Structure formats: structure tokens, C-alpha cells
Amino acid sequence: MKSVSVLKPLTIKGKKIRVPIIQGGMGVGVSLHPLAKAVALEGGLGIVSSACIDRLVSKRTGKKVNTYEAAYEEVSLSKIKGGFTGINIMMALVRDFVDSVKGALDAGVDVIISGAGLPLNLPAVQPPKDTALIPIVSSARALDIICKKWEKLGYRPDAVVLEGPLAGGHLGFRIDQIDLESNKLENLLPPVKDMAVKCGDFPVIVAGGIYTHSDITKFISMGADGVQMGTRFLATEESSATETYKQAVVRAKDEDIVVAHRPGSPCGLPFRVIRQSPMYVSSLQRKRTPKCDKGYVLMKDAEGKFTICPAKEDNENYFCICNGLLSSSGYNPEKEEALYTVGSNASRVDKIISVKTLMDELTGKAG
Ligand SMILES: Cc1cc2nc3c(=O)[nH]c(=O)nc-3n(C[C@H](O)[C@H](O)[C@H](O)COP(=O)(O)O)c2cc1C
Ligand code: SF4
């Protein structure tokens with residue numbers, strides 16, 4: 001017999017999201033408007049990723065656009081069929097942060113979710129009006145720091161995403177802290193929930209390793225208000241990962257999923273990958289000659305110019321994440337090898353399904 005969903009809506013800044021499932025932002029180019037739109041149609045919150053969005057939209061449309069225009073366009077397209085959608089803007093992409101925020105806000109985005117660093121100045125970029133601002137944290141301490149800084153700016157988070165160490169992409173933990181019992185999502189949630197209550201009682205959304213309907217109900221019964229999921233949505237028909245990437249996810253076994261670190265991400269955070277990813281294999285052999293031609297993770301030098309990325313000259317400790325990830329969404333696969341990031345549960349994926357089928361499963365409507 002089919003069971004009916006028991007999941008309660010998630011309300012963020014007055015927006016009632018019928019299904020409390022957020023499809024996590026997945027850069028580079030994995031979660032674009034086709035995926036976000038499909039999730040929104042099913043009642044969840046669909047998120048586009050802002051990473052390298054100028055290049056991705058320029059290539060798709062054949063018209064050169066800048067970051068502001070690309071964020072505006074992708075957000076607008078994601079909202080076309082209704083429902084709620086948002087954008088994920090990573091702090092680590094410092095150079096394009098402000099333009100991404102402005103483009104998304106001007107397009108009337110429902111939410112901005114921001115992590116990979118603490119988004120301490122997010123509310124100061126431009127008045128967010130109806131847009132909800134949501135930081136991603138990995139600890140109660142990080143949330144405390146953000147709340148204190150945002151209070152000075154006259155703002156309070158509209159919700160928070162708590163991401164544990166089983167997630168895909170960059171991880172907000174030191175490499176030696178990933179396996180600690182105290183850093184399990186189940187153990188991180190109570191103090192973060194307490195902090196959210198203390199800072200003004202906003203929703204707490206948990207992420208990292210959530211895979212089934214019963215995982216969702218478990219965390220909701222522990223006090224979470226919703227979940228954010230990446231890997232399950234990566235493995236959908238609507239995600240913009242290349243077919244080769246999706247098949248690598250289907251093939252991946254438990255032992256194939258590793259946390260890359262030296263060589264690792266030039267953003268300085270541990271980064272989970274499939275160990276057979278062509279760029280990762282080459283980087284272990286230090287094969288790729290360092291070359292910087294994309295520049296998304298550049299930081300400012302002493303003169304205030306964006307010139308610094310550790311992967312520019314060092315292929316011992318870093319891989320060129322811009323090119324590896326752009327290749328894995330089909331931007332430049334003929335020139336650069338692909339790098340496949342996944343969550344720790346990717347080994348459980350055995351086929352690529354539609355967003356509708358996935359949402360029916362996750363909400364408990366099917367099976
Ligand atoms: C392919 C992929 C790309 C990701 N890219 C980003 C990103 O650009 N920004 C971000 O904040 N999180 C990113 N994440 C993290 C997801 O948004 C999500 O929080 C996380 O994957 C949840 O864990 P799960 O994959 O176990 O569901 C990415 C995850 C994956 C799998
Ligand atoms: S070296 Fe590579 S990863 Fe670093 S900014 Fe340049 S293109 Fe990006």
C-alpha cells in the first residue's frame with residue numbers, strides 16, 4: 001500500500017515551501033535552471049549554483065554575459081513554472097560574490113544560500129527585500145559568529161543550513177575532524193538548533209548523507225525543519241552533469257569515494273570526489289601542468305588585485321578545480337579532464353531517475 005507524505009511544509013521568511021526538501025546548490029553547472037525548476041514544480045526548493053555561471057550561460061546562449069546578467073537570467077528561468085527557487089553563492093568565489101548576489105536579488109530570487117566560508121557581509125551587499133538569506137554552517141560556533149555579525153548589520157538569518165561531513169562538494173571541517181563522533185550530523189544538530197532558537201528562532205535545515213524518506217523523517221523528529229540534499233539530485237535526468245559524470249556516480253562503490261586533500265581544492269577545504277575522476281587521477285601523478293585561465297577562486301593580493309590561487313603554480317598540493325568542474329558539466333571536456341564531486345552516499349545510487357520519481361520517493365508518496 002502506498003503511504004502518504006507526512007512531511008510538513010517549511011516556511012522561510014513567509015514563503016511556505018510545500019515539501020521541506022531543498023535541492024542543494026551544485027556547482028559547477030550541475031544545478032542550473034532545469035533542475036531547480038523541476039524541484040520547485042514538485043513543491044520543494046530548487047537551487048541554482050552561481051559558480052562559473054557567466055561562462056556556462058554565455059556558452060548556452062551564444063551571447064557573452066557577465067556574472068550579474070547570468071545570475072539574473074538563471075534565477076528568472078528557474079522561476080518560470082512557479083514554486084520556490086534560490087541560488088547558492090559560495091564565499092570561496094570571492095571575485096564574483098557581489099555580482100552574483102546583486103543579479104539574483106534583482107531577479108527577485110526567493111532565497112540565497114551561502115557557504116564555503118562564512119558569509120559575514122551578505123546582508124550588506126544590497127537590501128534583500130523579500131529574499132531570504134541563509135548561511136551554511138558546520139557548527140553552532142560558526143552560526144553564533146554569523147548571527148553576531150549580521151545583528152550589527154540589522155539582519156537575522158532567515159534559516160540556516162547545517163552541513164555535516166558526509167556531504168558532497170567542499171566540507172567545512174579539517175581533514176582530521178571529518179570522522180569524529182562529535183561531528184556526526186546527529187550530534188551537530190542539537191547545539192545548532194539551540195543556537196538558532198537563541199538567535200531568533202529560525203528554521204534549521206540539515207544536509208550531508210541524507211538519502212531516504214526515513215532519513216528525512218528521522219532528522220525532522222530530532223528537531224530539524226527541513227533537509228538539503230545534493231547527491232540524490234545530481235543523479236537525476238534534470239541535473240546538468242554530463243552523462244559520463246552521472247554514469248561514474250552509478251558505478252561508484254563505497255571505496256571509490258574519497259576526500260581529496262593534498263592534492264586537493266585550492267579553496268583550502270577538504271573536497272569529496274570519486275577517486276577515478278580523470279583530473280583527480282592525473283593530479284595524484286602531478287601530470288597537469290599548472291595553468292590559470294579561468295580565475296574563479298582567485299583571492300586579492302596586497303594591491304587589491306585578484307591574482308592569488310594556490311593551484312596556479314603548485315600541482316603537488318592542488319588541482320585546478322575551475323577547469324575540473326567545468327569539464328564535468330560539459331563546458332570544456334575536450335580541453336580539460338573532469339573532476340567528479342559526490343556525497344559519501346553516492347555508492348547507493350544505482351540509476352538515474354527523474355526529479356518527479358525522486359520526490360515521490362522522498363516524500364513517502366511512492367514505495
Ligand atoms: C556535485 C555537487 C556539487 C556541489 N556544489 C556545491 C556548491 O557549489 N556550493 C555549496 O554550497 N554546496 C555544494 N554542494 C553541497 C550540496 O549543496 C549539499 O549540501 C550536499 O551535497 C548534501 O549532501 P548529500 O550530497 O549527501 O545530499 C555540492 C554537492 C554535490 C554533490
Ligand atoms: S589556477 Fe585553476 S583553480 Fe585556480 S583560479 Fe586559476 S583556473 Fe581556477
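The structure presented is a predicted model; accordingly, all values stated were derived computationally and were not measured. Counting starts at 1 for both ligands and their atoms, following the listed order.
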Provide the number and element of each atom of ligand 1 under 4.0 Å from a heavy atom of I136.
11 (O)

Below 4.0 angstrom from a heavy atom of G24, which ligand 1 atoms are there? Numbered from 1 as shown, please.
17 (O)

Nearest to atom 15 (C) of ligand 1 by heavy atom, S344, G169, G168: which?
G168

For atom 4 (C) of ligand 1, what's the nearest protein heavy-atom neighbour? Residue, atom name and distance, please.
M26 CA, 3.4 Å

Y245 near ligand 1, heavy-atom distance under 4.0 Å?
yes

Between D301 and K305, is there a donor-acceptor pair closer than 3.5 Å when you use the side chain of the first and the backbone of the second?
yes

Around atom 2 (Fe) of ligand 2, what protein N, O or S atoms are found below 2.8 Å?
C320 SG

Salt-bridge contact D110-K79 (side-chain N to carboxylate O under 4.0 Å):
yes

For ligand 1, which part of H170 has a heavy atom less than 4.0 Å away: the side chain, the backbone, both, or neither?
neither

Distance under 6.0 Å and angle within 45° of the ring axis: does R275 meet both against Y280?
no

Answer yes or no on whether R156 is positioned over the face of F202, meaning its NZ or CZ is under 6.0 Å from the six-membered ring centre and within 45° of the axis.
no

Would you say G115 touches ligand 1, if touching means a heavy atom closer than 4.0 Å?
no

Any N/O of T341 closer than 3.5 Å to an N/O of ligand 1?
no

Take every heavy atom of G209, measure it against each atom of ligand 1, and state whether any distance is under 4.0 Å.
yes

For ligand 1, find out whether one of its N or O atoms is nearer than 3.5 Å to an N or O atom of G230.
yes

Shortest heavy-atom approach to atom 25 (O) of ligand 1 - which of V342, L166, T231, N88:
T231

In plain terms, say whether R60 and E73 are close enough for a salt bridge, that is, a side-chain N and a carboxylate O under 4.0 Å apart.
yes

Does the distance from a Lys or Arg side-chain N to an Asp or Glu carboxylate O, for K198 and D194, drop under 4.0 Å?
no

Atom indices of ligand 1 within 4.0 angstrom of A167 heavy atoms, with elements:
20 (C), 22 (C), 23 (O)

Counting only heavy atoms not in Q247, do more than 12 sit closer than 6.0 Å to its CD atom?
yes

Verify the neighbour count for atom NZ of K184: are there more than 12 heavy atoms of other residues, nucleotides or ligands below 6.0 Å?
no

Tell me which protein heavy atom sits closest to atom 16 (C) of ligand 1, plus the residue, atom name and distance to 0.1 Å.
G25 O, 3.7 Å

Is the shortest side-chain N to carboxylate O distance from E238 to K37 below 4.0 Å?
no

Residue, atom name and distance, where the atom is the protein heavy atom closest to atom 5 (N) of ligand 1:
G27 N, 3.1 Å

May I ask you to list the atoms of ligand 1 that are less than 4.0 angstrom from any heavy atom of M229?
27 (O)

Proximity of I113 to ligand 1 by residue part, where a heavy atom lies under 4.0 Å
neither

Tell me yes or no: between the side chains of T236 and S239, is some donor less than 3.5 Å from an acceptor?
no

Note: M90, heavy atoms under 4.0 Å from ligand 1, region reported as side chain

With sequence neighbours left out, what residues match F271 under ring-ring contact (aromatic ring centres under 6.0 Å, His included)?
H170

Distance-only side-chain donor-acceptor flag, N345 / T231, under 3.5 Å:
no

Would you please say whether a donor-acceptor pair under 3.5 Å links the side chains of N121 and K149?
yes

Determine whether a donor-acceptor pair (N or O, by modelled atom type, separation under 3.5 Å) exists between the side chain of N332 and the backbone of S327.
yes

In ligand 1, which numbered atoms sit nearer than 4.0 Å to a non-hydrogen atom of E163?
15 (C), 18 (C), 19 (O), 20 (C)

Sidechain N-carboxylate O distance under 4.0 Å for R232, E361:
yes

